[in-house]
Amino acid sequence: VGVSLVANIVVDHTTAKIGDADVDAAGIIEVAAEHAIAPADVALDPLPVGDIPIDLPIDFNSVAAAGGVGKDTGVGVSASINVYTTFTSAYIDDGAEINWADPSTVQSDGQNVVVRATDKTEIISFAGALGGGKTGVGVGLDAGVVVKETQAWIADTAVVSAAGNIDSDTFVDGWMM
């Protein structure tokens, strides 16, 4: 009997903000929160699969493998479970005054205010099992749950001014394999 379990449970908060403050700049004021989950680099020698070598590194977030061999019965059970919950926010809060308090601040077309929240997730997960004997049983489970909340905003009572652009945007990207 062989058993293997990999469990990743991640709860992550990433925040960038300007609170109740006066901020003035002739150029760009950027409030940016960036969050990322990406596979880890694993450095291994190439693996031969039959006559075909597999070049590594192959990047994984998690790998679970098990094998069991017996004279009569062999059982292998593995599970890879990934639960990721992320909260990413960028904002200018109530009471903030952006390019408003200092009249000596030079306004130009390059004076911009940018509020941006980005969340990028890449998950590669694998579970495999092998059982050998007169009776061989292999069970592999690979389960993933991803919950993301990504927001960028300027509060209703914030006073924001710029000679150029005022932008607020979010970017969410991700894939699982």
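Starting from 1, each residue takes its place in the sequence as its number.
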Residue list, salt bridge (charged side-chain N to carboxylate O under 4.0 Å, His left out) with Glu149, at least two apart or on another chain
none

Would Thr150 and Thr170 count as having a side-chain donor-acceptor pair, cut-off 3.5 Å?
no

Just one of Thr14, Asp12, Asp119 clears the side chain to side chain donor-acceptor pair (under 3.5 Å) bar with Thr86, so which one?
Asp119

CD1 on Ile124 to OG on Ser80, rounded to 0.5 Å:
12.0 Å

Let's go through Asn112 and Asp167 carefully: what are the C-alpha distance in whole Å and the side-chain angles of both, what is the deciding distance for side chain to side chain contact (heavy atoms under 4.5 Å, CB included) to 0.1 Å, and is it a yes or a no?
CA-CA 8 Å; Asn112 298 301; Asp167 295 317; over 6 Å; no

To the nearest 0.5 Å, atom CZ of Arg116 lies from atom OG1 of Thr88 at 14.0 Å

Decide yes or no on side chain to side chain contact (heavy atoms under 4.5 Å, CB included) for Ile29 and Ile18, but give the supporting numbers first.
CA-CA 10 Å; Ile29 295 174; Ile18 295 177; 4.0 Å; yes

Just checking Lys120: does its NZ atom have more than 12 heavy atoms from other residues, nucleotides or ligands closer to it than 6.0 angstrom?
no

Atom of Asp169, atom of Ala152 and distance for their closest heavy-atom approach
O-CB, 3.2 Å

Got a second to check how far Asn82's CG is from Ile9's CD1, nearest 0.5 Å?
9.5 Å

For the atom pair CG (Asp20) and CD (Glu97), what is the distance rounded to the nearest 0.5 Å?
8.5 Å

Please round to the nearest 0.5 Å and tell me the distance separating atom OH of Tyr84 and atom CD1 of Ile123.
5.0 Å

Does the pair Ser161 and Asn99 meet the rule for a side-chain hydrogen bond (donor to acceptor under 3.5 Å, both in side chains), with working shown?
CA-CA 5 Å; Ser161 175; Asn99 294 328; over 6 Å; no

